[in-house]
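Excluded from the calculations below are hydrogen atoms, water molecules and symmetry mates; all remaining heavy atoms, backbone and side chain alike, are included. Quantities reported herein were computed from a predicted structural model and do not represent experimental measurements. Each chain gets a letter, A, B and so on, in the order the sequences are listed, and its residues count up from 1.
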Amino acid sequence: MTIEANNLSFRYGDKPVLKEVSFALTSGRFHALLGPNGAGKSTLFGLLTRLLALQQGDILLAGQSLKKQPAEAMRKIGVVFQQNALDLDLTVRQNLQYHAALHGLSRKEARARGDRELERFGLLDRANDAVRQLNGGHRRRVEIARALLHEPSLLLLDEPTVGLDVASRRGLNEHVRRLCESDGLTVLWATHLIEEVRQEDRVLILHEGKLLADGAGHDICQAEGTRDLAETFHSLTGAG
Amino acid sequence: MKPAHYWHCFVGIQTREWLRFWQQRTRFASALVRPLLWLVVFAAGFRAVLGISIIPPYQTYITYETYIAPGLCGMIILFNSMQGALSMVYDRELGSMRVLLMSPLPRPFLLVTKLLAMGVVSVGQVYVFLLLALLVDVEPPLWGYLAVLPALVLASLMLGAMGLLIATWIKQLENFAGVMNFVIFPMFFMSSALYPLWKMNEASPWLYWVCQFNPFTHAVEAIRFSLYLEWNPAAYGITAGVTVVLVMLATAGFRPQRTKILGTKPA
């Protein structure tokens with residue numbers, strides 16, 4: 001599925017947060033959206049997930065406009081938010097079933113799909129545990145499993161590794177990359193941590209609301225005349 | 001989206017509300033303490049002060065407890081609906097509203113379903129309260145318990161929509177204490193919940209008219225009349241009309257960017 005963002009601008013009151021951002025994502029690939037805190041990543045995610053209304057520009061999912069056919073577009077998107085969005089007191093399975101119901105799936109269907117996802121994520125034996133009893137890494141996995149329940153073709157993750165230890169961070173990152181390969185999922189992974197991005201990834205660098213670079217990691221480095229992405233990121237944004 | 005999708009979504013939202021209710025059942029039990037204090041303590045103290053004459057829908061002299069019981073049913077719904085609606089707008093911690101809004105189904109449908117789900121939980125509490133009220137001899141006719149159901153659901157939808165509207169538009173009322181002082185208490189006291197309005201008219205005609213314009217008065221009267229198997233088209237009509245208008249305004253005005261769903265500072 002192709003995803004295109006055309007000329008997106010967004011302002012909170014007088015403060016512009018996104019300035020004419022355009023990009024296209026390649027189907028079935030891992031994309032890293034890299035930017036320091038305050039770059040506009042969460043705003044971009046807000047627009048992609050319709051939590052914020054588009055002010056200027058449009059987003060097309062498989063040619064369908066988010067502005068004109070929001071319901072169709074939303075069915076194709078799975079989201080993992082920056083902050084935990086699970087009900088801590090409900091069990092893993094109850095959380096998954098709630099999400100499935102919101103997407104119009106029957107209980108039976110929800111249970112079958114939920115169990116399938118949990119099994120794949122190695123969490124089936126925790127299905128009846130309250131989310132509160134799970135560690136941070138496992139909670140994140142449940143959120144990813146949940147985001148995939150309605151079989152979206154685009155998975156958006158907004159700084160999904162915030163608050164996780166190094167090992168869990170790496171595990172989660174690799175896990176999502178494997179999903180890309182096995183499911184043909186298009187992934188947009190927002191982060192400010194350069195170590196979560198590889199040279200061969202498609203990289204979008206956002207800084208102060210502007211898209212400064214868009215391309216394969218090594219191509220960007222070549223164009224900038226830098227050794228690696230960390231250096232590129234530093235030279236472009238003054239951060240890192 | 002087919003009707004089945006809407007149905008599954010409706011059931012899912014209801015189920016979640018009941019699961020959460022069950023998780024927090026001690027909190028809900030303690031929420032019953034407030035109306036019970038009014039019923040048992042306040043009413044006992046005021047019984048002597050406020051003589052209630054025979055007024056519809058009652059056919060005989062009634063105790064003050066009997067008079068305020070429907071008003072306290074309204075109070076349970078009022079508190080729950082406001083609290084629930086406020087948490088819909090401000091509750092960012094769990095991000096549960098984000099999950100709700102990510103559904104491809106239309107937002108007005110999602111919001112009304114959510115309000116109804118919260119309402120059903122309140123209605124459950126009202127019934128527990130009415131059972132306990134039997135202990136102080138508040139004994140409406142048996143069929144009244146069934147007849148009051150539509151009035152209770154309507155009241156919870158109306159007050160939920162009002163809460164949503166207030167929380168979305170009035171930024172100053174950021175916490176529950178503010179809403180309690182400026183919305184809940186004025187609505188409760190300027191209504192027929194605690195005293196019949198003719199009494200209010202004797203004391204102050206302009207306050208009487210304020211009470212008449214308060215939609216909560218009509219919700220309470222709809223509850224009172226149907227609990228005693230009397231039909232009050234005016235109370236029902238006004239409650240239903242206000243509900244429709246508030247639901248339309250609340251769902252149209254519920255835009256996440258007006259709320260703090262994305263955090264206080266743009267990131």
Given side-chain contact (heavy atoms from CB on, under 4.5 Å), test M102(B) with T49(A) step by step and report yes or no. CA-CA 7 Å; M102(B) 282 304 294; T49(A) 54; 3.5 Å; yes
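- Taking chain B as the reference chain and counting heavy-atom pairs below 4.5 Å, the highest number among E109(A), R107(A), H103(A) is found for H103(A).
- The CZ atom of F81(A) sits 5.5 Å away from atom CZ of R98(B), with the distance rounded to the nearest 0.5 Å.
- Ranking A110(A), S106(A), A73(A), G35(A) against chain B, the residue ahead of the rest is S106(A), based on heavy-atom pairs under 4.5 Å.
- For the atom pair OG1 of T15(B) and CD of Q97(A), the computed distance is 8.5 Å after rounding to the nearest 0.5 Å.
- Interatomic distance, CG of L102(A) versus CG of L100(B), reported as 5.5 Å (0.5 Å rounding).
- K19(A) NZ: more than 12 foreign heavy atoms inside a 6.0 Å radius.
- Atom CH2 of W143(B) sits in a sparse spot, with 12 or fewer heavy atoms from other residues, nucleotides or ligands closer than 6.0 Å.
- The nearest pair of heavy atoms linking Y98(A) to V99(B) is CE2-CG1, 4.3 Å.
- The distance from atom CD of Q94(A) to atom CZ of R20(B), rounded to the nearest 0.5 Å, is 11.5 Å.
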Verify side-chain contact (heavy atoms from CB on, under 4.5 Å) between L101(B) and R50(A), making sure each step is shown before the conclusion. CA-CA 8 Å; L101(B) 294 177; R50(A) 271 185 83 232; over 6 Å; no
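- Taking every heavy atom of both residues into account, H8(B) and A101(A) meet most closely at O-CB, 3.4 Å.
- From L105(A), atom CG reaches atom NE2 of H5(B) across 7.0 Å, with rounding to the nearest 0.5 Å.
- Heavy atoms only, all atoms of each residue included: D89(A) and Q23(B) are closest at O-NE2, 3.3 Å.
- Contact residues of residues 130-155 of chain A toward chain B are R146(A) (heavy-atom distance under 4.5 Å).
- More than 12 non-hydrogen atoms from other residues, nucleotides or ligands lie less than 6.0 angstrom from OH of Y127(B).
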